[in-house]
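These numbers come from the heavy atoms of this one structure, side chains and all, not from hydrogens, waters or symmetry mates. In this text the structure is predicted, and so the values were computed from the model without any measurement. Order of the sequence lines sets the chain letters (A, B, ...), proteins ahead of strands, with each chain counted from 1.
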Protein chains: 2
Amino acid sequence: MRVSLKDVAAHAGVSIKTVSNVVNNFQHVTPAMRERVQRSIDELGYRPNLTARHLRAGRTGIIALALPELGNPYFAELAAAVIDTAAEHDYTVLLDHTGGRREQELLVSQGFRARVIDGLILSPIELETEDLRDRAENVPLVLLGERDYDLPYDHIAIDNVAAARAAVAHLVGLGRREVAFIGARRGRNEPAQLRVRGWREELTAAGLPVDEGLVAATDGWGHADGAAAMTRILDAGRRPDAVFAYNDPMAIGAMRVLHARGLRVPEDIAVVGFDDVVEGRFGAVTLTSVSPDKGAIGRLAVESVLARLGGAAPEARRVWAEYRLVERESTLGRSGASEGTNG
Amino acid sequence: MRVSLKDVAAHAGVSIKTVSNVVNNFQHVTPAMRERVQRSIDELGYRPNLTARHLRAGRTGIIALALPELGNPYFAELAAAVIDTAAEHDYTVLLDHTGGRREQELLVSQGFRARVIDGLILSPIELETEDLRDRAENVPLVLLGERDYDLPYDHIAIDNVAAARAAVAHLVGLGRREVAFIGARRGRNEPAQLRVRGWREELTAAGLPVDEGLVAATDGWGHADGAAAMTRILDAGRRPDAVFAYNDPMAIGAMRVLHARGLRVPEDIAVVGFDDVVEGRFGAVTLTSVSPDKGAIGRLAVESVLARLGGAAPEARRVWAEYRLVERESTLGRSGASEGTNG
DNA sequence: TTGAAAGCGCTAACAT
DNA sequence: ATGTTAGCGCTTTCAA
């Protein structure tokens with residue numbers, strides 16, 4: 001059986017309040033009393049019931065972080081940042097994964113997955129503005145990620161258009177003329193939208209043609225999807241001199257295909273990824289990538305939810321985190337290992 | 001303000017019980033009454049307070065999963081399996097990361113990190129048997145991973161010694177004589193211990209010398225650690241013809257160093273990893289790896305905790321999950337792509 | 001079929 | 001400095 005305050009009180013021959021005082025390190029308890037109660041606590045193996053405390057306090061000290069996938073190290077790193085920042089504020093993080101599936105994202109946003117939470121940080125993939133508009137849930141919500149929403153919620157992200165432009169500018173600056181984009185999806189408001197826009201804008205600014213035939217759609221955003229997209233481009237008889245991928249895993253999958261077909265990176269085709277995951281630094285050809293400040297994003301997200309917890313309702317705002325373009329072998333070759341900055 | 005059952009009852013002009021009946025889809029409620037109450041619920045935007053339910057029920061429906069690091073995709077995949085299995089049983093998973101730090105692992109095992117849980121699944125790195133012996137916590141604990149403990153807790157893992165032997169046997173079968181091991185640690189009971197033992201046993205069984213000078217210790221278990229260890233081995237003037245790494249990231253880190261030094265994999269040095277993470281399938285040289293059945297491990301772990309939740313106390317047992325050795329280019333070269341099975 | 005009331009374990013206001 | 005008690009929001013006997 002579980003031991004409660006009452007049990008300890010009875011055992012020590014004192015009132016519940018006194019035990020509570022000891023448990024909570026209350027000021028005014030005589031050392032003698034404290035020790036006597038502590039003995040009972042130890043003897044009975046008493047542990048406070050958090051659920052009861054939460055009910056009493058009206059809050060749980062838990063915030064949820066719902067991510068598309070844990071397998072992508074980008075999200076893992078982000079999660080670590082969130083967990084650490086939350087811990088600094090005495091908050092625990094309940095991590096959830098949606099698989100980037102609309103169903104799951106809806107459930108999470110409506111609070112059906114984990115309702116013991118004080119706040120929610122959500123990184124949506126499929127959700128539309130309308131899905132979020134009539135959210136019946138009352139815990140604060142903060143959005144993460146590259147989708148564009150017109151909603152009264154804080155949204156933490158980097159400037160995806162600008163970051164994509166920086167990536168393409170880097171490629172164009174190296175003399176590349178035909179830059180493929182891997183990882184788009186059909187549809188107006190899709191995750192890659194802003195990055196495709198950046199790709200388009202920068203090509204135009206450079207006076208290069210925008211060839212929509214070089215935009216490869218994919219089902220998912222993993223290594224295999226990047227490989228499949230690259231294969232499709234090559235099989236279509238196209239031979240771009242550069243590839244900009246939606247994220248690092250896809251870029252790495254694409255490089256695998258290039259390698260298997262005897263195409264050299266970057267000599268024949270330069271490759272740029274997005275997210276700067278550790279993996280990209282240890283391939284046979286290290287990967288140039290847009291590196292968002294994950295630590296900042298995680299920290300800002302937590303602070304944003306917590307700010308709304310006290311009942312305060314600051315106006316919803318869009319927060320831009322920093323990013324850099326990290327240049328490596330996949331664009332510079334074996335010689336260059338500079339780590340240029342931007343953003 | 002938050003709306004409670006009482007508010008709804010007042011608004012609908014009925015008793016709390018009736019509202020509760022409607023909320024919980026209780027049998028005996030007249031359709032008229034149900035609709036009337038439902039209207040009030042919708043109008044007021046009532047949402048049940050889970051914390052109160054939990055207090056009442058004496059359980060939360062949450063189990064915690066504490067992992068060393070989320071960044072390693074192996075753990076991410078494991079987590080996904082745990083989350084899915086838990087969901088099937090109407091349980092939510094609170095994911096925690098310990099960073100493989102003893103302090104954090106202790107806190108978790110003692111229940112100081114997340115005390116709202118019904119059960120705990122822990123994958124320890126640093127914890128010793130004694131650390132766990134006098135655990136004052138009363139929620140069921142299930143252990144994961146390659147460490148060896150003599151404790152009254154269920155422990156789910158693959159047979160690490162046998163798996164390591166299979167990996168080394170594969171290398172020896174290909175004619176390799178000098179197999180280095182990357183990722184050991186000093187100390188009797190350390191994570192890599194069983195794998196080192198398997199390495200030792202298989203070499204001995206094959207009549208090969210066991211050269212402890214080919215065992216490279218590391219601080220952590222990431223790409224960079226593998227790269228550093230490989231560098232150290234080569235800089236010491238050693239030139240093994242095979243490397244068996246504690247896990248895939250380390251193996252990949254080692255391959256990067258080999259590549260940078262102009263050594264060919266597998267011609268000059270064959271490489272085997274452990275965990276079979278996705279990344280290993282998309283490098284310039286795909287990675288041969290021991291592939292534990294992550295799905296089974298996750299499922300067994302959840303079922304194991306849940307079995308102890310009802311107050312039942314089955315005898316603690318060691319559960320072995322399956323594994324396979326997946327053979328790829330890092331040992332077979334570009335020609336062979338078989339996926340041999342084992343275990 | 002619906003209502004009244006007790007109690008889950010805790011904290012805090014109030015009383016002693 | 002310590003004790004009494006109400007109440008957080010819910011479920012669940014028991015009664016009507």
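Rounding to whole angstrom units, CG of residue B/Asp7 and P of D/dC8 are separated by 10 Å. Atom CZ of B/Phe26 and atom P of C/dT1 are 9 Å apart (whole Å). Atom NZ of A/Lys6 and atom P of D/dT4 are 13 Å apart (whole Å).
Distances shown here put a side-chain N or O of A/Ser15 below 4.0 Å from the OP1 or OP2 atom of D/dG3.
Checked against D/dT2, C/dG3, D/dC10, the side chain of A/Thr18 finds its nearest nucleotide in D/dT2. With C/dT2, C/dG3, D/dC10 as the candidates, the nucleotide lying closest to the side chain of B/Val14 is C/dG3.
Under a 4.0 Å N-O distance rule, the pair B/Arg318/B/Asp148 qualifies as a salt bridge.
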Quick one, B/Glu126 with B/Arg147, criterion salt bridge (Lys or Arg N to Asp or Glu O under 4.0 Å). Give me CA distance, side-chain angles, the key distance, then yes/no.
CA-CA 9 Å; B/Glu126 293 281 356; B/Arg147 301 250 344 224; 5.5 Å; no
Contact letters for nucleotides 11-16 of chain D, in which S counts primed atoms plus P, OP1 and OP2 and B counts the base, heavy atoms under 4.0 Å:
BBB---
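Using a distance-only test at 3.5 Å, with no hydrogens or angles considered, no donor-acceptor pair links the side chain of A/Asp154 to the main chain of A/Val142. With A/Thr60 contributing its side chain and A/Val116 its backbone, the two residues share a donor-acceptor pair below 3.5 Å. At distances below 3.5 Å, not a single donor-acceptor pair connects side-chain atoms of B/Tyr74 with backbone N or O atoms of B/Pro292. Judged by distance alone, the side chain of B/Asn49 and the main-chain N or O of B/Arg47 form no donor-acceptor pair under 3.5 Å. For B/Asp84 (side chain) and B/Ala81 (main-chain N/O), no donor-acceptor pair under 3.5 Å exists by modelled atom type. Checked by atom type and distance alone, the side chain of A/Asp42 never pairs as donor or acceptor with a backbone atom of A/Arg39 at under 3.5 Å.
Near DNA chain C, meaning a heavy atom under 4.0 Å from it, residues 30-45 of chain A has no residue at all.
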